[in-house]
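See below for the structure under consideration.
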Amino acid sequence: MQRSFIVLLFLGCVRALLQNFTVDDTSSDIIYGGHTFQCNSTAPCPEAMTEWKFNESATLTFGNITFNFTGVAFYSSLDVVGASSISLDGEEFMTLNTSFSEAAAGEGSHNMSKADLPNVLHTLLIAPIIEGTVIGFDQLIFTASLTDKKSHVGVIVGGVIGGIALIFGVLFAAMFSRRRKHILWRNQRRSAVLRGITAANVRQDYSNRADEEDGKELPT
Ligand SMILES: *[C@@H]1O[C@H](CO)[C@@H](O)[C@H](O)[C@H]1NC(C)=O
Ligand SMILES: *[C@@H]1O[C@H](CO)[C@@H](O)[C@H](O)[C@H]1NC(C)=O
Ligand SMILES: *[C@@H]1O[C@H](CO)[C@@H](O)[C@H](O)[C@H]1NC(C)=O
């Protein structure tokens, strides 16, 4: 019962172990397939692009953006002028289209996200699908799940605790049976001694009685 309680405790911890990581456009984990232009405080982003907040920089590109991550979700937003396809693990899940006039009106920003993914290695690919598309990228958040590692730890800890309990159980059983044997042996010895004493007493009784009888007999 104690062991299952510990396992439950670990499962409880596991639930809380989702962690968000923010990846900047300057990160080496973001792979750009074409020419890039980094805009920052000294080289401001084009008017059509929305304001960039994270780490004071954004990257504009005419090519693909690839990002590999192991996790259960990701969240980002892209500025697109033109059209681009967003796919995860080789499967397109959205296309983002913005005409130049829409972009000029500040409507070029699109959210993209996917949650409840299996906790494996994923490849996010952002690819322009029409000539002259510009993609603006600032940051991406992905949610890593430390579940697997932790549940392994849980299993290991559970196993170790179970093992220790087993060893103690065996030791206790061995000690108990030794003690029982000892008590049995002691009792046997004690009863043997008692038997001896009793036998001696009985013999004494007999001889006393014989003496008494003898004594009684004497006067007659
Ligand atoms: C991660 O960030 C997303 C988007 O900001 C948010 O909805 C989600 O709750 C966050 N998850 C965790 C575990 O912090
Ligand atoms: C912010 O950008 C700088 C380079 O411009 C980079 O060295 C740094 O790692 C970035 N910070 C984060 C949190 O990504
Ligand atoms: C976006 O544009 C591409 C190419 O012009 C087109 O194939 C696609 O259907 C468009 N998607 C949306 C959602 O408008």
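Indexing begins at 1, ligand by ligand and atom by atom, following the structure's order. Values reported hereafter were calculated over all heavy atoms of this structure, with side chains retained and with hydrogens, waters and symmetry mates removed.
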Using distance only, find each side-chain donor-acceptor pair of residues 26-39 under 3.5 Å and give its atom names and separation, not counting sequence neighbours.
| residue | atom | partner | partner atom | Å |
| --- | --- | --- | --- | --- |
| T26 | OG1 | D24 | OD2 | 2.7 |
| S27 | OG | D29 | N | 3.0 |
| Y32 | OH | D25 | O | 2.7 |

Run the side-chain donor-acceptor check on residues 82-90: report pairs under 3.5 Å with partners two or more places apart or on a different chain.
| residue | atom | partner | partner atom | Å |
| --- | --- | --- | --- | --- |
| S85 | OG | E92 | OE2 | 2.7 |
| D89 | OD1 | T123 | N | 2.8 |
| D89 | OD2 | H122 | ND1 | 2.7 |

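Residue N20 has at least one heavy-atom neighbour below 4.0 Å for each of these atoms of ligand 1: 1 (C), 2 (O), 3 (C), 8 (C), 10 (C), 11 (N), 12 (C), 14 (O).
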Table of N or O contacts for ligand 2, cutoff 3.5 Å:
| residue | atom | partner | partner atom | Å |
| --- | --- | --- | --- | --- |
| ligand 2 | 2 (O) | N55 | ND2 | 2.4 |
| ligand 2 | 11 (N) | N55 | ND2 | 2.7 |

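Proximity of a side-chain donor or acceptor of T98 to a complementary backbone N or O of V80 within less than 3.5 Å is detected.
Applying the side chain to side chain contact (heavy atoms under 4.5 Å, CB included) rule to F21 yields the partners Q19, F142, A144; only residues at least two apart in sequence or on another chain are considered.
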- Message: Is there a side-chain contact (heavy atoms from CB on, under 4.5 Å) between L124 and K114? Walk through the geometry before answering.
- Response: CA-CA 10 Å; L124 175 69; K114 240 181 183 334; over 6 Å; no
- Item | Worked verdict on Y75 versus N111 for side-chain contact (heavy atoms from CB on, under 4.5 Å) | CA-CA 8 Å; Y75 310 86; N111 288 329; over 6 Å; no
